[in-house]
Amino acid sequence: MNTKLISAYDDRGEIVDLSEAAQILREGGLVAIPTETVYGLAADALNGDAAAKIFAAKGRPQDNPLIVHISDLEMLDGLVKEFPEPAFRLAQKFWPGPLTIILPKTDKVPPETSGGLGTVAVRMPSHPVARRIIALTGKPLAAPSANLSGSPSPTTAQHCVHDLLGRVDAIVDGGECGFGVESTVITLAQSPPRLLRPGAVTFEQLKGILPDIKMDPAVKEKLEQGVTAASPGMKYRHYAPKAKVVLVDSDLDSFTAYAAAHQNGKTVALCFEGEDKIIPLPCVVYGKRQDPLTQAQHLFDCLRQLDDMGAQMVYARCPSQEGIGLAVYNRLIRAAEFEVVRL
Ligand code: TXA
Ligand code: MG
């Protein structure tokens with residue numbers, strides 16, 4: 001398949017006419033689009049055949065449901081059985097933005113989109129290009145992250161090109177994503193509500209609106225064998241570079257001594273800004289230690305860089321779990337397949 005590359009902005013920084021991307025989507029095609037979190041691989045959410053193509057292009061397990069993206073609240077009509085009062089309060093505070101809400105679905109949402117579940121995940125992105133494309137298409141768009149299944153989520157159009165060239169109809173380049181980690185996912189389809197995936201909308205912020213919200217144990221820990229994942233995506237190996245990754249929870253001195261003493265093949269440190277001058281190993285810097293947003297913005301690109309360097313063993317400095325830092329920790333422990341060394 002020939003993949004069309006479309007620049008979303010002209011020389012003056014204005015959004016170009018994106019009707020071609022919308023036309024492809026209306027006809028059941030696949031288009032990678034920028035959002036404020038990560039790039040999404042979009043298709044018409046109400047067209048089961050179109051949604052099925054997403055799974056084929058990504059190599060995604062069929063039972064892992066997709067997030068449905070809307071550009072205004074009217075688009076929810078007929079998708080969810082009801083939009084309860086807590087959902088309204090969340091939407092008022094966090095939409096458009098990086099929050100996904102799971103609710104019981106109607107029959108209008110095909111099983112391809114919902115992974116066969118009785119619920120559907122919905123979110124209203126804030127990225128102007130995503131919003132323009134959804135509105136021009138005039139339909140809700142199903143969009144998982146636009147990476148090959150198992151690879152780090154894409155935060156630039158180049159990442160999408162690397163993974164999906166020849167596998168999708170078009171890739172829309174909207175520059176680097178603002179947050180760099182996927183949206184916060186919560187479910188209101190059960191009581192009490194539950195945080196399934198941490199993101200830029202933090203657990204503390206959600207507690208302000210939903211005082212009884214609980215954090216799913218899978219956010220911070222490996223699911224025990226035989227336990228059903230509340231969110232199917234949580235059971236798959238994720239975000240992983242080819243190297244073996246170990247998360248080291250310690251101060252810098254202990255980290256440095258440990259990493260230097262436990263080299264195994266090409267060994268690289270994934271560290272914070274400035275620490276690359278101290279650690280006597282090749283380093284990839286993923287952000288400022290005290291600024292978790294910078295870590296979120298660069299983490300996935302850094303995981304891809306590790307592959308490009310041919311890293312075989314990676315020791316990663318442990319992020320704090322404050323604010324968006326919890327999302328960084330959640331993605332890193334998955335990249336490390338839950339191997340954490342505490343010194
Ligand atoms: O920021 C994001 O959310 C990005 C952009 C493109 O919007 N999308 C994204 O989609 O990260 P994806 O498919 O990579 O992750 C969706 C997660 C998966 O873990 C999936 O299992 C979960 O949400 N999910 C979707 N629908 C669900 C449902 N009905 N019940 C439980 N989990 C659901
Ligand atoms: Mg994904």
Side-chain angles (χ1 to χ4, degrees), residues 38 147-148 150-156 158-159 162-163 176-177 179-182 197-199 217-224 234 236-343:
V38 300
N147 51 287
L148 286 175
S151 293
S153 292
T155 54
T156 65
Q158 289 70 39
H159 295 159
H162 179 272
D163 281 18
E176 235 176 90
C177 299
F179 291 115
V181 287
E182 308 88 341
R197 181 175 74 182
V219 167
K220 292 199 204 181
E221 267 146 54
K222 190 175 180 167
L223 279 175
E224 282 180 37
M234 290 201 285
Y236 301 112
R237 183 171 190 247
H238 245 111
Y239 315 114
K242 295 189 181 77
K244 177 172 169 55
V245 180
V246 174
L247 192 56
V248 182
D249 186 2
S250 71
D251 61 27
L252 179 58
D253 286 346
S254 312
F255 174 91
T256 303
Y258 185 87
H262 293 83
Q263 297 184 49
N264 188 0
K266 176 151 183 154
T267 303
V268 181
L270 184 61
C271 64
F272 300 125
E273 198 176 275
E275 297 177 350
D276 50 331
K277 310 217 169 36
I278 295 158
I279 299 167
L281 289 171
C283 289
V284 171
V285 171
Y286 78 99
K288 295 191 171 82
R289 191 168 71 85
Q290 308 282 16
D291 186 351
L293 177 58
T294 61
Q295 300 163 19
Q297 285 164 336
H298 301 120
L299 178 66
F300 288 141
D301 183 62
C302 289
L303 295 181
R304 285 174 183 260
Q305 277 180 45
L306 292 167
D307 278 345
D308 296 343
M309 292 166 74
Q312 292 165 300
M313 182 76 229
V314 174
Y315 293 105
R317 292 272 282 139
C318 193
S320 83
Q321 296 177 27
E322 295 301 308
I324 195 173
L326 181 62
V328 177
Y329 180 80
N330 169 275
R331 307 312 188 268
L332 256 178
I333 48 170
R334 281 167 171 75
E337 296 187 88
F338 299 92
E339 193 161 337
V340 184
V341 173
R342 295 197 164 83
L343 303 174

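Side chains included, hydrogens not; waters and symmetry mates left out as well; all remaining heavy atoms used.
- Sorted pairs that involve residues 281-298 and meet side chain to side chain donor-acceptor pair (under 3.5 Å), not counting sequence neighbours, are lacking altogether.
- In terms of heavy-atom proximity, Val284 sits nearest to Gln305 at CG1-OE1, 3.8 Å.
- Contact annotation: the side chain of Leu303 approaches that of Leu270 to within less than 4.5 Å [non-hydrogen atoms, C-beta and beyond].
- Side-chain atoms of Ile333 and Leu247, non-hydrogen and from C-beta on, do get closer than 4.5 Å to each other.
- Each of Lys244, Lys222, Arg334 was checked for a salt bridge (charged side-chain N to carboxylate O under 4.0 Å, His left out) with Glu339, and the lone residue meeting it is Lys244.
- For Ser254, the side chain to side chain donor-acceptor pair (under 3.5 Å) test picks out Asp251, with sequence neighbours left out.
- The distance from atom CD1 of Ile279 to atom CG of Leu252, rounded to the nearest 0.5 Å, is 5.5 Å.
- Tyr258 contributes no side-chain N or O that, together with a main-chain N or O of Ser250, makes up a donor-acceptor pair within less than 3.5 Å.
- Pro198 places a side-chain heavy atom less than 4.5 Å from the side chain of Arg331.
- In this structure, a donor-acceptor pair under 3.5 Å is absent between the side chains of His159 and Asn147.
- Here the shortest heavy-atom pairing between Ala218 and Asn330 reads O-ND2, 4.2 Å.
- No side-chain heavy atom of His162 sits under 4.5 Å from any side-chain heavy atom of Leu148.
- When all heavy atoms are compared, the tightest approach of Ala260 to Leu281 is N-CD1, 4.4 Å.
- With a 4.5 Å cut-off on side-chain heavy atoms, Cys271 and Val285 count as touching.
- Nearest heavy atoms, Tyr329 versus Cys318: CE1-SG, 3.8 Å.
- No more than 12 heavy-atom neighbours from other residues, nucleotides or ligands sit within 6.0 angstrom of CD on Glu176.
- A pairwise comparison of heavy atoms in Gln321 and Leu326 identifies O-CB, 3.5 Å as the closest pair.
- A 4.5 Å side-chain heavy-atom check between Arg304 and Ser151 finds at least one atom pair inside the cut-off.
- Counting heavy atoms from C-beta on, the side chains of Phe255 and Leu343 never come closer than 4.5 Å.
- You'll find the side chain of Pro319 reaches within 4.5 Å of the side chain of Leu332, heavy atoms only.
- Taking each heavy atom of Thr267 and Asn264 in turn, the nearest pair found is OG1-N, 2.9 Å.
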